[in-house]
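Below: the structure, in structure tokens.
Each residue takes its place number in the sequence, starting with 1.
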Amino acid sequence: MASPTVKPVLRTDYQRSVADYWNKEKDPVNIKLGEVDGLYHHHYGLGAYDPAVLEAPAEVRDQAIIAEMHRLETAQAEVLLDAFGDLRPGAHLMDGGSGRGGTSFMANARFGARIDGVSISEQQVAFANDQAVERDVADKVRFHFKNMLDTGFETGSFDGIWTNETTMYVDLQQLYGEFARLIAPGGRYVCITGCYNDLTGGRSRAVSQIDQHYICNIHPRSEYFKALADNGFVPISVVDLTPETIPYWELRAKSSVATGVEDPFLTAYKEGSFHYLLIVADRI
């Protein structure tokens with residue numbers, strides 16, 4: 001009998017280019033912030049920053065700014081996890097596009113949940129699994145070199161899934177079709193994402209600059225809600241986090257780890273062409 005065909009994780013030239021980008025990525029804005037306390041994130045921050053960090057003595061000012069930026073990005077992850085509410089003991093969650101694992105470790109610590117993270121970056125998967133061993137949670141938090149559009153996990157095996165600034169790399173219909181397969185009825189999907197405001201037309205120049213910087217494809221806001229509805233998800237909460245993320249970007253622009261993309265983000269947010277949304281949806 002013929003063996004079943006194993007599908008490759010990377011199936012398109014675009015996916016290979018994205019994987020190559022993140023395999024090579026060693027951006028100080030991610031590494032230095034993670035070194036503050038060992039939680040490595042790949043997302044932005046929420047909340048007002050302490051202006052005192054800008055007045056710190058010159059020899060420690062940048063260190064203070066980086067620590068404050070890390071506090072804001074960890075606060076963002078807390079907002080995402082808050083959206084899951086109370087989970088049953090032993091809940092099973094998936095981190096779609098898990099990066100270096102920061103939010104997965106926070107979820108395990110908060111809920112005692114089993115976490116499976118998936119990423120198309122083999123380097124990030126290896127880094128995150130090493131972190132799991134160091135944290136002595138490798139039996140509950142595991143990271144996989146998988147494509148979140150077709151994970152191969154068992155149908156209905158998850159109580160919830162989140163994506164944190166990763167949906168701009170994939171087709172939303174395919175993504176939510178797979179998530180609808182994976183999440184048991186009554187389970188929850190939580191998303192934080194940047195999306196362009198299609199009420200004002202197409203992508204603005206600033207949004208296009210963000211796309212170019214991260215080799216991503218930012219979706220229009222309306223596309224999220226259509227794809228969710230088409231795949232059996234009912235949004236129960238939608239929060240515009242744009243005002244809460246602007247301070248992070250203003251502080252980042254003053255830091256040594258600025259990458260040059262700060263101005264497009266601030267321009268897009270302030271002109272209203274780009275929104276930073278929290279979407280919470282239940283699987284019916």
Side-chain angles (χ1 to χ4, degrees), residues 3-23 42-43 80-81 83-84 87 90-108 111 113-129 131-132 137-193 216-217 219 224 227-228 230-233 279-284:
S3 300
T5 301
V6 177
K7 296 180 181 179
V9 173
L10 305 175
R11 302 176 191 177
T12 66
D13 288 341
Y14 175 66
Q15 290 174 2
R16 284 185 281 273
S17 70
V18 171
D20 183 64
Y21 175 91
W22 288 110
N23 281 332
H42 280 274
H43 57 255
L80 184 151
L81 295 177
F84 281 106
L87 291 170
H92 190 196
L93 302 175
M94 191 183 96
D95 182 351
S98 47
R100 290 183 170 94
T103 307
S104 289
F105 297 122
M106 291 175 63
N108 170 255
F111 301 122
R114 293 181 296 127
I115 314 293
D116 282 292
V118 301
S119 172
I120 61 172
S121 167
E122 293 178 271
Q123 292 297 321
Q124 290 187 352
V125 167
F127 183 98
N129 278 322
Q131 289 287 104
V137 294
D139 59 330
K140 289 190 174 181
V141 185
R142 299 172 298 175
F143 300 91
H144 310 265
F145 176 53
K146 287 181 178 290
N147 191 319
M148 65 179 174
L149 296 178
D150 184 7
T151 62
F153 289 130
E154 185 179 348
T155 296
S157 58
F158 291 94
D159 298 290
I161 296 175
W162 76 82
T163 53
N164 198 353
E165 299 179 14
T166 59
T167 50
M168 60 284 299
Y169 287 102
V170 296
D171 178 271
L172 294 180
Q173 289 287 351
Q174 293 181 56
L175 182 71
Y176 295 148
E178 173 68 347
F179 286 3
R181 184 185 71 79
L182 293 173
I183 299 176
R188 178 159 293 179
Y189 168 61
V190 180
C191 171
I192 293 183
T193 190
C216 62
N217 182 31
H219 301 293
Y224 280 89
L228 286 167
D230 287 348
N231 289 283
F233 288 96
I279 304 171
V280 185
D282 284 349
R283 173 78 172 96
I284 57 173

**Message:** Walk me through whether V9 and E122 qualify under side chain to side chain contact (heavy atoms under 4.5 Å, CB included).
**Reply:** CA-CA 10 Å; V9 173; E122 293 178 271; over 6 Å; no
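- How far CD1 of I279 is from OG1 of T167: 7.5 Å, rounded to the nearest 0.5 Å.
- Minimum interatomic distance between R181 and T155 (heavy atoms only, all atoms of both residues): NH1-OG1, 2.9 Å.
- Remark: T166 engages M148, T163 in a side-chain contact (heavy atoms from CB on, under 4.5 Å) (not counting sequence neighbours).
- Using modelled atom types, no side-chain atom of N147 and backbone atom of I120 make a donor-acceptor pair closer than 3.5 Å.
- Between atom CZ of residue F145 and atom CD of residue Q123 there is a gap of 10.5 Å, rounded to the nearest 0.5 Å.
- Of all heavy-atom pairs between A113 and N108, the closest is O-ND2, 2.9 Å.
- At distances below 3.5 Å, not a single donor-acceptor pair connects side-chain atoms of K146 with backbone N or O atoms of V118.
- Of all heavy-atom pairs between D171 and Q173, the closest is OD1-N, 3.1 Å.
- How far OG1 of T103 is from CG of D95: 6.0 Å, rounded to the nearest 0.5 Å.
- The two residues F105 and V141 make their nearest non-hydrogen contact at CE2-CG1, 3.8 Å.
- The ring pair (Phe, Tyr, Trp, His ring centres under 6.0 Å) test with H42 singles out one residue from Y169, F127, W22, and that residue is W22.
- Nearest heavy atom pair, residue N231 against residue R283, reads O-NH1, 4.1 Å.
- Side chains of Y176 and D230 form no contact here, defined as non-hydrogen atoms less than 4.5 Å apart.
- To the nearest 0.5 Å, atoms CZ (F179) and CG (L228) are separated by 10.0 Å.
- Between the side chain of H219 and the backbone N or O of Y224 there is no donor-acceptor pair closer than 3.5 Å.
- A salt bridge links D150 and R11; the closest N-O separation between the charged side-chain nitrogens and carboxylate oxygens is under 4.0 Å.
- At distances below 3.5 Å, not a single donor-acceptor pair connects side-chain atoms of R100 with backbone N or O atoms of Q131.
- Residues M168 and N217 fail the side-chain proximity criterion, which asks for heavy atoms closer than 4.5 Å.
- A138 pairs by the side-chain contact (heavy atoms from CB on, under 4.5 Å) definition with A132, V133, not counting sequence neighbours.
- Distance check, rounded to the nearest 0.5 Å: CZ of F153 to NE2 of H144 gives 4.0 Å.
- Side chains of F84 and D159 form no contact here, defined as non-hydrogen atoms less than 4.5 Å apart.
- To the nearest 0.5 angstrom, L80 atom CG is 7.5 Å from W162 atom CH2.
- H92 and D116 form a side-chain donor-acceptor contact under 3.5 Å, judged by distance and modelled atom types alone.
- Looking at S119, its side chain never comes within 3.5 Å of a backbone N or O of G99 through a donor-acceptor pair.
- The distance between the ring centers of Y21 and Y14 does not fall below 6.0 angstrom.
- Of all non-hydrogen atoms in R16 and L10, the two that sit nearest each other are NH1-O, 3.4 Å.
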